Amino acid sequence: MSAPKKLFIKTYGCQMNVYDSERMAEALGGKGYVETKTPEDADMILLNTCHIREKAAEKVYSELGRMKPLKAENPNLKIGIAGCVAQAEGEEIMRRAPMVDLVVGPQSYHRLPAMDDAVQTGAKALDTDFPDDDKFDTLKARSKAKRGPTAFLTVQEGCDKFCAFCVVPYTRGAEVSRASDRIIREAQELVASGVREITLLGQNVNAYHGHAGGLAGLIWDLDKVDGLERIRFTTSHPNDMDDALIDAHGTCEKLMPYLHLPVQSGSDRILKAMNRKHTAESYLRLIERIRAARPDLLLSGDFIVGFPGETDEDFEDTMQLVRDVHYGQAYSFKYSTRPGTPAAEKPQLPEDVMNERLQRLQGLLREQQQATQASMIGREVNVLFEKSGREAGQMIGKSEYLHAVFAEAPLDVIGTVRKVKIVDDAANSLKGELL
Ligand code: 5AD
Ligand code: SF4
């Protein structure tokens with residue numbers, strides 16, 4: 001028997017890419033590929049790329065540059081580009097980087113096995129279709145191999161919202177929801193492999209409509225899956241937070257008290273220019289309702305500073321909204337022009353203005369994050385332990401609020417949820433004692 005072929009995947013960007021990389025590895029696993037952690041001994045290298053902000057494509061080309069010697073050493077090495085840069089710039093990549101053998105978009109990767117056949121004959125393969133066949137129908141059941149206690153599960157892809165800054169509706173296409181029975185089956189497969197916590201993924205996950213009861217309906221069905229202990233979901237749009245979903249945050253025990261709910265800006269003028277279709281006020285009212293359902297919920301968000309036309313006053317509105325909401329953690333970005341999006345046509349703000357605003361916003365968000373972490377000291381939380389820590393005898397996991405927690409504990413806590421008392425606050429994690 002010949003040695004198995006080795007596959008190296010490098011994943012950029014969001015959690016959905018992490019999920020896609022797993023599925024691509026499983027699809028190629030059916031053709032005898034096993035994963036390797038070192039590109040040097042790979043027979044195929046896949047870069048699963050992200051296009052959300054600037055310099056995405058440039059990053060891919062420089063990574064390819066670094067991989068040139070590998071191709072020189074092993075002429076049989078195949079190199080593929082997957083993900084959103086592949087979708088957006090597939091043909092351009094083939095032209096600019098002749099070392100690339102294969103380009104596959106996020107909606108076509110179920111065709112990877114056939115594409116592999118083609119590249120093994122020395123041909124090039126490019127597929128950036130939005131095919132009629134559903135990739136999830138073609139992909140096999142999840143691998144039965146034992147895995148860690150947390151997993152992602154894509155339930156919805158694409159977006160119909162068309163925020164003026166965003167490439168997602170172009171790279172991932174129109175909103176598509178997977179049927180809930182398939183999702184439940186995949187969840188059961190994951191649980192059988194050792195998974196205890198599932199994070200449901202979608203670019204606009206709360207617009208999920210593969211279940212008559214929407215995302216809340218799916219969550220309640222997952223609630224019945226034996227052995228599954230925790231459910232999370234990301235990323236949501238404020239306008240799709242329906243009553244049933246808000247209610248589930250108060251009544252579904254498996255649904256964790258953490259919500260990532262991007263607002264992007266606190267200025268109504270900018271929100272309108274962004275085509276967000278909500279106001280700062282409607283967002284604040286929504287947060288009130290969610291907190292009424294689940295008072296201890298930890299809120300996370302996304303912000304963009306320096307959107308075209310943003311004045312000092314607009315930016316102060318964002319700062320004020322952050323003060324009003326008080327986030328447990330959040331992501332913030334400088335606006336970055338994405339070719340093909342409506343905002344790309346507008347005059348851009350000077351870089352120094354954007355830098356200054358980003359620093360101030362990040363300062364405030366950091367304060368709130370630290371205050372939230374510090375407020376955990378003395379509290380009892382539930383930790384799903386995931387792995388051993390750096391120091392002997394130390395185990396690491398996540399609390400229900402998604403804080404990383406480390407504690408002295410025996411190895412067999414891994415994969416279980418344990419009560420832990422938080423005793424100290426480290427930089428990016430909390431120290432706890434097993435109860
Ligand atoms: N520039 C800066 N940030 C962006 N995001 C999306 N598009 C852009 C852009 N063109 C941010 C948004 C989104 C997150 C995933 O990335 O905040 O919620
Ligand atoms: Fe992009 Fe999210 Fe807006 Fe959709 S809702 S266009 S994914 S920022």
Side-chain angles (χ1 to χ4, degrees), residues 12-19 49-59 83-85 87-88 106-107 154-177 199 201-209 215 233-241 259-267 270-278 280 282-283 286 299-310 315 318 321-322 325 327 329-349 351 353-355 357-358 361-362 365:
Y12 301 79
C14 67
Q15 294 152 326
M16 195 172 290
N17 268 11
V18 175
Y19 176 85
T49 61
C50 169
H51 203 235
I52 194 90
R53 281 173 295 273
E54 220 163 17
K55 303 201 184 88
E58 291 317 310
K59 257 192 238 162
C84 293
V85 176
Q87 188 63 41
Q107 302 310 339
T154 293
V155 304
Q156 175 281 333
E157 278 185 90
C159 183
D160 297 337
K161 293 279 190 293
F162 290 93
C163 297
F165 50 81
C166 187
V167 284
V168 164
Y170 312 96
T171 54
R172 291 273 172 169
E175 202 279 322
V176 180
S177 291
T199 302
L201 298 181
Q203 267 94 24
N204 201 173
V205 73
N206 59 341
Y208 174 78
H209 60 263
L215 185 63
F233 61 89
T234 196
T235 287
S236 299
H237 190 286
N239 291 5
D240 294 313
M241 284 304 296
L259 179 65
H260 182 66
L261 196 61
V263 65
Q264 314 295 357
S265 167
S267 151
I270 294 300
L271 287 169
K272 194 164 180 18
M274 285 176 163
N275 192 31
R276 287 288 294 178
K277 300 193 177 83
H278 61 78
S282 69
Y283 180 83
L286 175 62
L299 260 174
S300 162
D302 288 342
F303 296 89
I304 296 178
V305 301
F307 186 79
E310 186 186 75
F315 176 66
T318 299
L321 179 138
V322 172
V325 171
Y327 288 89
Q329 82 102 47
Y331 305 92
S332 47
F333 313 98
K334 276 190 283 184
Y335 170 71
S336 136
T337 307
R338 306 283 66 212
T341 59
E345 311 294 320
K346 307 233 184 93
Q348 307 295 304
L349 262 64
E351 194 63 24
V353 173
M354 291 210 257
N355 286 334
R357 287 181 189 167
L358 186 67
L361 176 61
Q362 292 189 333
L365 290 168

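No experiment lies behind these values; they were computed from the predicted model shown. For ligands, and for the atoms within them, numbers begin at 1 and follow the listed sequence. Atoms considered below: every heavy atom in the structure, side chains included; atoms not considered: hydrogens, waters and symmetry mates.
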In the protein, what heavy atom is nearest to [atom], and what distance, to one decimal place, separates them?
| atom | answer |
| --- | --- |
| atom 8 (C) of ligand 1 | Phe165 CD1, 3.7 Å |
| atom 2 (Fe) of ligand 2 | Gln203 O, 4.3 Å |
| atom 4 (C) of ligand 1 | Ile304 CD1, 3.6 Å |
| atom 2 (C) of ligand 1 | Lys334 O, 3.3 Å |
| atom 13 (C) of ligand 1 | Asp302 OD2, 3.5 Å |
| atom 10 (N) of ligand 1 | Ser336 O, 2.8 Å |

With heavy atoms of [X] as the reference, note each atom of ligand 2 found under 4.0 Å away.
| X | result |
| --- | --- |
| Lys161 | 4 (Fe), 5 (S) |
| Cys163 | 3 (Fe), 5 (S), 6 (S), 8 (S) |
| Phe165 | 8 (S) |
| Pro169 | 6 (S) |
| Val168 | 7 (S) |
| Phe162 | 6 (S) |
| His237 | 5 (S) |

Is any side-chain heavy atom of [X] closer than 4.5 Å to a side-chain heavy atom of [Y]?
| X | Y | answer |
| --- | --- | --- |
| Glu351 | Asn355 | yes |
| Val167 | Cys84 | no |
| Lys55 | Ser336 | no |

When only distance counts, is Arg53 in polar contact with ligand 1, meaning an N/O pair under 3.5 Å?
yes
Taking atom [atom1] of [X] and atom [atom2] of [Y], what is their separation to the nearest 0.5 Å?
| X | Y | atom1 | atom2 | value |
| --- | --- | --- | --- | --- |
| Gln264 | Ile270 | CD | CD1 | 12.5 Å |
| Asp302 | His260 | CG | NE2 | 3.5 Å |
| Thr318 | Phe303 | OG1 | CZ | 7.5 Å |
| Phe165 | Ile52 | CZ | CD1 | 8.0 Å |

Looking at Asn206, is its backbone amide N or carbonyl O close enough to the side chain of Asp240 to form a donor-acceptor pair, meaning the two atoms are under 3.5 Å apart?
no
Are a donor atom and an acceptor atom from the side chains of Gln87 and Thr171 found within less than 3.5 Å of each other?
no
Within 2.8 Å of atom 4 (Fe) of ligand 2, is there any N, O or S atom belonging to Cys159?
yes
I'd like to know whether Thr337 forms a side-chain hydrogen bond (donor to acceptor under 3.5 Å, both in side chains) with Gln348, so could you lay out the CA-CA distance, the side-chain angles of the two residues, the decisive distance to 0.1 Å, and finally the verdict.
CA-CA 8 Å; Thr337 307; Gln348 307 295 304; 2.9 Å; yes
Metal site atom 1 (Fe) of ligand 2: N/O/S of Cys166 inside 2.8 Å
yes
Centroid separation under 6.0 Å, is that true for the rings of Phe307 and Phe333?
no
Option with minimal heavy-atom separation from atom 12 (C) of ligand 1, where the choices are Gln264, Met274, His260
Gln264
